[in-house]
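Notes follow once the structure below has been shown.
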Amino acid sequence: MDSEPDGSCERVDEQDMVSAMSVEVECVASRLVDHLAIEHSSLVSSCVQKIAVLTGAGVSAESGIPTFRGEGGLWRTWNATELATPEAFRESPSLVWEFYHYRRCVVAKSLPNASHYALAVLQQRCEQEGKEFTLLTQNIDGLHAQAGSTDFVELHGSLWKTRCCHCNDVRVNRDMPICAALDGKGAPDPKTTDAGIKPMDLPRCKQCNGLLRPHVVWFGEALESRVLRQVDSALQNCDLLLVAGTSALVYPAAGYVPLVSALGGVVAEFNIEDTPASRSCRFKFRGPSACTIPQALGISLGQLPQAPSSSDSSA
Ligand code: BV8
Ligand code: ZN
């Protein structure tokens, strides 16, 4: 990174970056640690003043949470895009609550992985260095918060919040099960018969006893205007966008990569394979994100807070 005599340097020194990084990085842990630590610790170089990160289900895959399109993306005979809709909830609130109860059970047993921790460390670093940093996640699992990320934007809501269909009261709810009728329900096996729970026995609002729904954005529903404003301010004049673990197929999030690239920002993609977003990405880090994200950020795993191992959790 050549600096100008006055110390300022041209935004993202094209040639250096391209020549230094025009290799698709295969994530072969040991060999790469040295390589990346040397080569890429400048991914977030002094020229980069405004950083945004967009994450998807792939960053939680190594925490044991099935992605939407990967292995385990099907629940019973349904794929998530069919059940995560207002129509499905209108037709069978019991079935949809079984689906979300199952996901709450899976996530409740999961811990953040190095992807989540490295992004929390990146946020701290950026704040120390006076850089603007915004984490945008499509994930509703809350693992970014558990890893120490703060003020991040949950584009599609949270598994751990409910909203009343009658009075719109929104509140955090970590009760497991969220209501007695769902206890032991939600099994993903296609042979499982739907519980057919009566609406009065499903989660009810403490304010008005109305039917509660998960406080998530379903397909066909708009994102909250507050969230859209936060996205806007994060992506305007964004120097560097890190996009991790997303298939870039669901909008509006899938549009953020080409947008930043079109606005002259640099995009780095972390994924185990190419996606429709890859063509807008200057850097492609291929491999499991719990490996590639810490390396590309020059964060050695030793620096990451270790998720308490199972023996600790019993403490
Ligand atoms: C809306 C919450 C409008 C609920 C979710 C334009 C074109 C086409 C369609 C549309 C369009 N605009 C709108 C649409 C319709 C729709 C849409 O995009 N449909 C798609 C399917 C084509 N969008 C909407 O409906 C949105 N709303 O547009 O409203 C509107 C406006 C005004 C008024 C009324 C309406 C709402 C979209 C949000 C839906 N809710 N989630 C819930 O979770 O239950 S979306 C949900 O699915 C997730 O949040 C996420 O966004 C998406 C899943 O995608 P990913 O997270 O990327 O996961 P996926 O499994 O697909 O991929 C994982 C990736 O990780 C893979 O690439 C894999 O290779 C990689 N990977 C795996 N392991 C690893 C890894 N990478 C690294 N390391 C690993 N270890
Ligand atoms: Zn209510």
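None of these values were measured; they are calculated from a predicted model. Counting convention: from 1, in listed order, for ligands and their atoms alike. Both backbone and side-chain heavy atoms feed into the values below; hydrogens, waters and symmetry mates do not.
Taking the centre of each ring, Phe99 and Trp78 stay at or above the 6.0 Å mark.
With a 4.0 Å heavy-atom cut-off, ligand 1 is reached by the backbone of Thr246 and by its side chain too. Contacts with ligand 1 closer than 4.0 Å are made by heavy atoms of both the backbone and the side chain of Ser289. Residue-level proximity to ligand 1 for Val59 is absent, since no heavy atom of it falls below 4.0 angstrom. Under 4.0 angstrom from ligand 1, the non-hydrogen atoms of Ala222 come from both its backbone and its side chain.
For Cys167, the nearest N, O or S atom to the Zn ion (ligand 2) falls under 2.8 Å. At a threshold of 2.8 Å, the Zn ion (ligand 2) has no backbone or side-chain N, O or S atom of Cys165 nearer than that distance.
With ligand atoms numbered from 1 in the order given, ligand 1 contributes 69 (O) to contacts under 4.0 Å with heavy atoms of Glu273. Each of the following atoms of ligand 1 lies closer than 4.0 Å to a heavy atom of Tyr100: 4 (C), 42 (C), 44 (O).
Counting heavy atoms only, Gln138 comes closest to atom 48 (C) of ligand 1 of the residues Glu62, Arg286, Gln138. Among Ser63, Ala57, Ala61, the residue whose heavy atom lies nearest to atom 73 (N) of ligand 1 is Ala61.
Rounding to 10°, one obtains 110° for the angle at the Zn ion (ligand 2) between SG (Cys164) and SG (Cys205).
Residue contact annotation: Thr81 has no non-hydrogen atom under 4.0 Å from ligand 1. For the pair Ala253 and ligand 1, no heavy-atom separation below 4.0 Å is found.
Looking at Thr150 and Gln123, their side chains do bring a donor and an acceptor atom within 3.5 Å of each other. A donor-acceptor pair shorter than 3.5 Å can be found between the side chains of Ser289 and Ser115. No hydrogens or angles considered: nothing links the side chains of Asn173 and Thr162 as a donor-acceptor pair under 3.5 Å.
Between Trp75 and Tyr102, the ring-plane angle classifies as tilted under the 30° and 60° cut-offs.
Looking at Thr275 next to ligand 1, no N or O pair under 3.5 Å apart turns up.
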